[in-house]
Amino acid sequence: MASCVEELHFSHIHIPVTIDQMIPVLPAGPIPAVHGSRLYLSNLDNMIGARVFTPTVYFYKSNYMSSNRKPVTKTLCDALSRVLVPYYPLSGRLREASNGKLEVFFGQEQGALMVEAHSDMGLAELGDLAVPNPTWAPLNYRFPNEEPYKVLDMPLIIAQFLAAWAATAKTGTLVTNPEPCWDREFFQPRNPPTIKYRHPEFMRIEEGSSLTMSLWKSKPVQKCYKVSQQFQAQLKSLAQPNDMLGCSTFDAMAAHVWRSWVKALDVKPVDYELRLTFSVNARPKLKNPPLKQGFYGNVVCVACGTSPVNNLIKGSLSETSRLVREARLSISEEYVRSTVDYMEIDRPNRLEFGGKLSITQWTRFSLYESADFGWGRPSYAGPIDLTPTPQVCVFLPDGSAECSGATVVCICLPGSATHKFTEFFLCLKDLISNDESE
């Protein structure tokens with residue numbers, strides 16, 4: 001069964017990049033915002049975990065770019081300028097209002113910034129394009145003296161916007177389907193705010209285990225695995241709780257990663273309560289009233305499962321998958337509203353890492369399908385580097401041309417724990433034995 005999981009490796013390379021020009025890109029026509037205008041951002045937009053940029057990269061093969069087409073930079077700039085009219089909020093900047101919340105502001109610095117650069121390296125020299133590579137970092141432009149995780153006063157871009165930009169570049173005409181809708185006021189807090197849940201995903205946990213020391217005492221190492229559809233199907237079968245509800249592939253994968261992670265790190269004491277957090281798309285939960293179809297704001301809630309260390313080590317996979325499933329299904333319309341109200345009263349101002357693993361699922365994003373700018377499907381689409389955050393695991397779609405249904409699992413670990421994690425993650429024999437003994 002280990003053959004159904006392939007460990008992926010990235011090349012340590014140096015990429016020389018020369019910046020040719022920096023081009024401010026403004027909306028191609030009038031927009032409903034003037035100098036000094038401000039736009040409201042919801043409490044879901046203000047979640048501390050959302051206040052980061054995720055550096056991403058898209059690689060395309062040059063044989064898609066025929067000589068009779070206009071230059072790449074002009075194609076991108078023209079399309080971006082057109083799309084910034086209906087998506088005009090993205091030509092503004094984020095800033096903190098007097099109450100500490102973020103808002104979009106239209107001041108002197110507006111529009112997007114296009115940075116044209118070149119490198120003498122070819123695509124084939126960048127290594128395996130199936131896996132994020134921290135040494136691709138020079139391909140992501142950084143402003144002089146830019147602080148890590150800075151989002152204030154920075155040019156903005158988001159995923160839904162990218163699809164419109166790509167379609168407009170490919171066709172040469174503005175494409176927005178559906179019509180974009182800002183409408184952040186949909187998530188105004190209630191008056192008075194009503195918090196109906198504990199919201200453990202935001203609670204601060206005093207670190208009373210060996211976990212943080214294990215994770216941060218040395219530079220983390222990124223490990224990535226291509227998990228076949230066959231492996232996922234067998235894992236899901238083994239992870240089914242003993243009830244009528246069943247579990248999803250995500251429940252099974254998340255449970256297996258969580259258990260493998262805890263075992264590899266040898267967390268002590270064994271009665272310490274650990275958390276698993278992951279984002280859930282709350283759009284389908286909103287019925288009364290539903291969101292407008294073109295809404296492109298943040299509609300994500302953070303689900304949280306908890307378990308003592310000993311239960312993750314000694315318990316069955318099905319027990320852990322039940323915890324993940326219960327956390328996922330707990331995200332209801334009322335939970336979304338309660339989250340908004342919780343953020344209104346007690347908005348966390350720092351990320352909490354105590355006793356926690358966070359899983360981010362990118363497999364539901366149409367990273368490859370929505371990124372055809374006229375040059376075909378990208379060879380790779382996704383994040384550059386995971387190593388700054390050793391308590392995050394990312395599920396990425398397989399970008400290979402055959403679209404095999406595989407998932408790429410990327411996680412950061414201390415070097416001392418990588419071998420053990422690989423051993424636990426690849427092996428299903430112990431899971432089968434445990435299930436048969438129950």
Side-chain angles (χ1 to χ4, degrees), residues 1-7 200 209 211 223-268 270-280 303-331 355-361 363 391-396 405-411 413 417-438:
M1 181 54 68
S3 62
C4 293
V5 179
E6 176 190 358
E7 184 173 351
S209 76
L211 181 63
K223 303 291 285 186
C224 294
Y225 310 85
K226 184 176 179 179
V227 184
S228 71
Q229 200 168 32
Q230 179 186 352
F231 186 95
Q232 294 178 69
Q234 184 165 359
L235 189 65
K236 181 179 176 181
S237 176
L238 293 171
Q240 294 300 324
N242 298 321
D243 55 34
M244 300 297 293
L245 294 178
C247 73
S248 68
T249 301
F250 172 82
D251 299 337
M253 288 278 286
H256 185 47
V257 168
W258 194 17
R259 284 160 48 91
S260 302
W261 184 74
V262 171
K263 291 177 183 179
L265 291 170
D266 192 25
V267 181
K268 298 289 189 300
V270 294
D271 61 347
Y272 185 73
E273 194 85 1
L274 293 175
R275 291 181 294 175
L276 175 76
T277 62
F278 54 93
S279 297
V280 174
C304 181
T306 62
S307 173
V309 172
N310 198 48
N311 289 12
L312 295 170
I313 296 173
K314 303 288 187 182
S316 67
L317 175 65
S318 60
E319 290 170 342
T320 308
S321 70
R322 181 187 290 111
L323 291 177
V324 178
R325 182 192 68 192
E326 289 173 351
R328 176 174 57 82
L329 295 179
S330 71
I331 305 300
K356 182 171 75 171
L357 173 68
S358 294
I359 294 180
T360 301
Q361 185 177 203
T363 52
Q391 286 172 261
V392 170
C393 174
V394 179
F395 294 175
L396 296 170
T407 294
V408 176
V409 175
C410 296
I411 191 167
L413 298 154
T418 56
H419 179 74
K420 287 184 177 179
F421 179 85
T422 300
E423 179 183 334
F424 292 131
F425 186 66
L426 297 187
C427 184
L428 290 184
K429 187 171 77 170
D430 291 343
L431 301 179
I432 295 171
S433 300
N434 287 341
D435 281 4
E436 289 176 347
S437 65
E438 288 178 357

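This structure is a prediction, so every number in the text was calculated from the model and none was measured. Computed over heavy atoms, backbone and side chain alike; hydrogens, waters and symmetry mates excluded.
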Gln232 side chain to Thr249 main-chain N or O, any donor-acceptor pair under 3.5 Å?
-> no
Give, for atom CZ of Phe250 and atom CZ of Phe278, the distance between the pair rounded to the nearest 0.5 Å.
-> 5.0 Å
Any donor and acceptor pair, going by atom type alone, linking the side chain of Arg328 with main-chain N or O of Asp251 inside 3.5 Å?
-> no
Does any donor atom in the side chain of Gln361 or Thr363 lie under 3.5 Å from an acceptor atom in the other side chain?
-> yes
Glu6 side chain vs Lys226 backbone, donor-acceptor pair below 3.5 Å | no
Between Lys263 and Lys420, does a side-chain contact (heavy atoms from CB on, under 4.5 Å) hold up when you go through it step by step?
-> CA-CA 8 Å; Lys263 291 177 183 179; Lys420 287 184 177 179; over 6 Å; no
Mind checking the CG-CD spacing from Asn242 to Glu319? Nearest 0.5 Å is all I need.
-> 8.5 Å
Judged by atom type as modelled, is there a donor-acceptor pair below 3.5 Å linking the side chain of Ser237 to the main-chain atoms of Ala233?
-> no
Go through the structure and list residues passing side-chain hydrogen bond (donor to acceptor under 3.5 Å, both in side chains) with Ser330, not counting sequence neighbours.
-> none
Check salt bridge (Lys or Arg N to Asp or Glu O under 4.0 Å) between Lys268 and all other residues, then give those that pass, not counting sequence neighbours.
-> Asp266
Mind listing the closest non-hydrogen atom pair of Leu265 and Leu211 along with its distance?
-> CD1-CD1, 3.6 Å
Crowding at CD, Gln229 (>12 non-hydrogen neighbours, <6.0 Å) = no
Apply side-chain hydrogen bond (donor to acceptor under 3.5 Å, both in side chains) to Thr360 and list each qualifying residue two or more places apart in sequence or on a separate chain.
-> none
Spacing of CG belonging to Leu274 relative to CG belonging to Leu357, to within rounding of 0.5 Å = 9.5 Å
With Ser307, which residues qualify under side-chain contact (heavy atoms from CB on, under 4.5 Å), at least two apart?
-> Trp258, Asn311, Leu312, Leu323
Rounded distance (nearest 0.5 Å) linking atom CE of Met253 with atom CZ of Phe395 | 4.5 Å
NE2 of His419 to CG of Leu413, rounded to nearest 0.5 Å, is 13.0 Å
Please confirm whether the backbone N or O of Phe424 pairs with a side-chain atom of Arg259, one donor and one acceptor, at under 3.5 Å?
-> no
Between Cys224 and Cys410, what is the shortest heavy-atom contact and its length?
-> SG-SG, 2.6 Å
Looking at residues at least two apart in the chain, or sitting in another chain, which of them share a salt bridge (Lys or Arg N to Asp or Glu O under 4.0 Å) with Asp271?
-> none
Of all heavy-atom pairs linking Ala252 and Leu317, the shortest is O-CD1, 4.3 Å
Working for side-chain contact (heavy atoms from CB on, under 4.5 Å), residues Leu426 and Phe231 | CA-CA 9 Å; Leu426 297 187; Phe231 186 95; 5.9 Å; no
Describe, in one word, how the ring planes of Tyr225 and Phe425 are oriented to each other, choosing from parallel (under 30°), tilted (30 to 60°) and perpendicular (over 60°).
-> tilted
Might you point out which heavy atoms bring Cys4 and Gln230 nearest each other, and give the distance in Å?
-> SG-OE1, 3.3 Å
Applied to residues 236-245, the salt bridge (Lys or Arg N to Asp or Glu O under 4.0 Å) test, sequence neighbours excluded, yields Asp243-Arg322, Asp243-Arg325
Polar side-chain atom of Ser321 near backbone of Ala239 as donor-acceptor pair, under 3.5 Å = yes
What's the shortest heavy-atom distance between Gly305 and Ala327, and which atoms?
-> N-CB, 3.9 Å
